[in-house]
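Only this structure's heavy atoms are used, side chains among them; waters, hydrogens and symmetry mates stay out. Heads up: numbering here begins at 1 and tracks the sequence.
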Amino acid sequence: MEKGIILYQSKYGTTRKYAQWLQEETGFSCMETRNANIQQVLEYDTILLGGGVYASGIAGLSFLKKHIDKLAGKRLLVFCAGASPYDESAIEQIRKLHFKEELSEVPLVYCRGAWDEDAMSFKDRTLCKILQKSVAKKDPATYEIWEKALMCAAGQKCDWTDRKYLEPVLEYLQKK
């Protein structure tokens, strides 16, 4: 039986929820990246790393980038959670920005997250309000997928999390 670990970084709880669901499905160990020690992680055959998407970056990905040389030969997969609906071009943009060289072959799975302005930090809420004002100046007919989602979610509490988003992760794990 393969030995695996789920590392995650979650700011508002969505990625933690996905990590816990994966733990239930796989029986893998689970811990936050801030508590992870590379020596501990090296004991595992499979490493799943999850993080929230913030401004096209994936929280916690720096752990993988920092230790990628030591993780050679391990099965790696990154899953991320964001408030926007799935958009292939947005995922490709994230891949181009963050999955270069050694990370280029690491699978990336996108899971839709949640939106709760009341739970956001003052800074995040302010940045979102600024972004909403900027998007509001555009013709709604020209909105990109994420802009439409941003404008629809404004002022609401939304939870789009669903175990179905983890199916590609579970399929990856079934491959040998």
Side-chain angles (χ1 to χ4, degrees), residues 1-115 119-121 123-124 127-128 146 160-176:
M1 179 87 175
E2 101 182 309
K3 190 175 173 186
I5 188 167
I6 303 155
L7 301 174
Y8 70 92
Q9 187 167 327
S10 186
K11 196 170 190 179
Y12 296 112
T14 300
T15 306
R16 178 177 45 252
K17 181 190 250 186
Y18 280 116
Q20 289 170 340
W21 284 345
L22 277 171
Q23 184 180 32
E24 290 170 15
E25 292 289 330
T26 64
F28 287 0
S29 297
C30 187
M31 76 169 53
E32 292 183 71
T33 53
R34 70 176 176 208
N35 298 327
N37 172 309
I38 189 59
Q39 297 304 50
Q40 290 175 296
V41 173
L42 289 173
E43 297 174 13
Y44 295 91
D45 305 311
T46 300
I47 296 104
L48 307 178
L49 185 130
V53 177
Y54 306 103
S56 297
I58 300 174
L61 190 61
S62 58
F63 181 89
L64 191 62
K65 287 180 176 183
K66 179 179 178 181
H67 301 293
I68 193 65
D69 291 340
K70 294 174 186 157
L71 297 170
K74 305 286 185 180
R75 290 182 76 197
L76 305 172
L77 179 136
V78 174
F79 65 96
C80 59
S84 295
Y86 181 86
D87 177 33
E88 187 65 41
S89 63
I91 301 304
E92 246 341 278
Q93 181 183 7
I94 290 172
R95 282 200 70 78
K96 285 180 185 173
L97 284 171
H98 304 290
F99 288 72
K100 299 174 184 171
E101 298 160 9
E102 297 95 344
L103 296 182
S104 65
E105 299 300 317
V106 175
L108 173 63
V109 174
Y110 181 81
C111 305
R112 189 141 190 220
W115 179 270
M120 290 180 189
S121 68
K123 178 183 173 186
D124 287 348
L127 290 171
C128 287
W146 70 268
W160 302 284
T161 57
D162 193 319
R163 287 178 183 258
K164 72 179 181 185
Y165 293 116
L166 296 174
E167 289 171 7
V169 178
L170 298 173
E171 289 170 13
Y172 171 79
L173 293 174
Q174 290 175 357
K175 297 176 187 173
K176 292 293 177 187

**Complete:** d(Phe99 CZ, Ile91 CD1) to nearest 0.5 Å is 9.5 Å

**Prompt:** Quick one: does Tyr165's side chain have a donor or acceptor within less than 3.5 Å of a partner on Ala81's backbone?
**Reply:** no

**Message:** Pair Phe28, Leu173 - check side chain to side chain contact (heavy atoms under 4.5 Å, CB included), show working.
**Reply:** CA-CA 11 Å; Phe28 287 0; Leu173 293 174; 4.1 Å; yes

**Any donor-acceptor pair under 3.5 Å from Arg75 side chain to Gly4 backbone** = no

**Request:** For atom NZ of Lys96, decide whether the heavy atoms of other residues, nucleotides or ligands shown that lie under 6.0 angstrom number more than 12.
**Result:** no

**Item:** Val41 side chain reached by His67 side chain, heavy atoms, under 4.5 Å
**Value:** no

**Request:** Report the distance from atom CD of Gln23 to atom CD of Gln20, rounding to the nearest 0.5 Å.
**Result:** 7.0 Å

**Prompt:** Looking only at heavy atoms, what is the nearest atom pair of Lys74 and Ile47, with distance?
**Reply:** CB-CD1, 3.7 Å

**Prompt:** Roughly how far, to the nearest 0.5 Å, is the CG atom of Leu103 from the CD1 atom of Ile68?
**Reply:** 4.5 Å

**Message:** Do Ile6 and Tyr18 make a side-chain contact, defined as non-hydrogen atoms from C-beta onward lying under 4.5 Å apart?
**Reply:** no

**Message:** Just so I know, are the side chains of Thr46 and Leu77 near enough to count as touching, which here means a heavy-atom distance under 4.5 Å?
**Reply:** no

**Message:** Testing the basics here: between Asp162 and Trp21, what is the closest heavy-atom pair and its distance to 0.1 Å?
**Reply:** C-CZ3, 3.6 Å

**Prompt:** Yes or no on side chain to side chain contact (heavy atoms under 4.5 Å, CB included) for Tyr12 and Met120, after CA distance, side-chain angles and deciding distance?
**Reply:** CA-CA 7 Å; Tyr12 296 112; Met120 290 180 189; 3.9 Å; yes

**Over 12 foreign heavy atoms within 6.0 Å of CD, Glu88** = yes

**Prompt:** To the nearest 0.5 Å, what is the distance between CD (Glu92) and CG (Leu97)?
**Reply:** 10.5 Å

**Item:** Donor-acceptor contact present, side-chain Ser10 to main-chain Arg16, <3.5 Å
**Value:** yes

**Item:** Validation row: Val109, Tyr172 side chains within 4.5 angstrom (heavy atoms)
**Value:** no

**Asked** Any side-chain heavy atom of Thr33 within less than 4.5 Å of one from Leu64?
**Response** no

**Partner set under salt bridge (charged side-chain N to carboxylate O under 4.0 Å, His left out) for Glu24, not counting sequence neighbours** = Arg163

**Message:** In the structure I gave you, are the side-chain heavy atoms of Glu25 and Leu166 within less than 4.5 Å of one another anywhere?
**Reply:** no

**Request:** Mind listing the closest non-hydrogen atom pair of Ala114 and Thr14 along with its distance?
**Result:** CB-OG1, 3.6 Å

**Asked** Is there a donor-acceptor pair closer than 3.5 Å between any side-chain N or O of Tyr110 and the backbone N or O of Gly82?
**Response** yes

**Prompt:** How many angstroms lie between CD1 in Ile58 and OG1 in Thr15, if you round to the nearest 0.5 Å?
**Reply:** 9.5 Å

**Message:** Quick check for you: to the nearest 0.5 Å, what is the distance between Thr26 atom OG1 and Ile5 atom CD1?
**Reply:** 10.5 Å

**Item:** Heavy-atom closest contact (Cys30 atom, Ala19 atom, distance)
**Value:** SG-CB, 3.9 Å

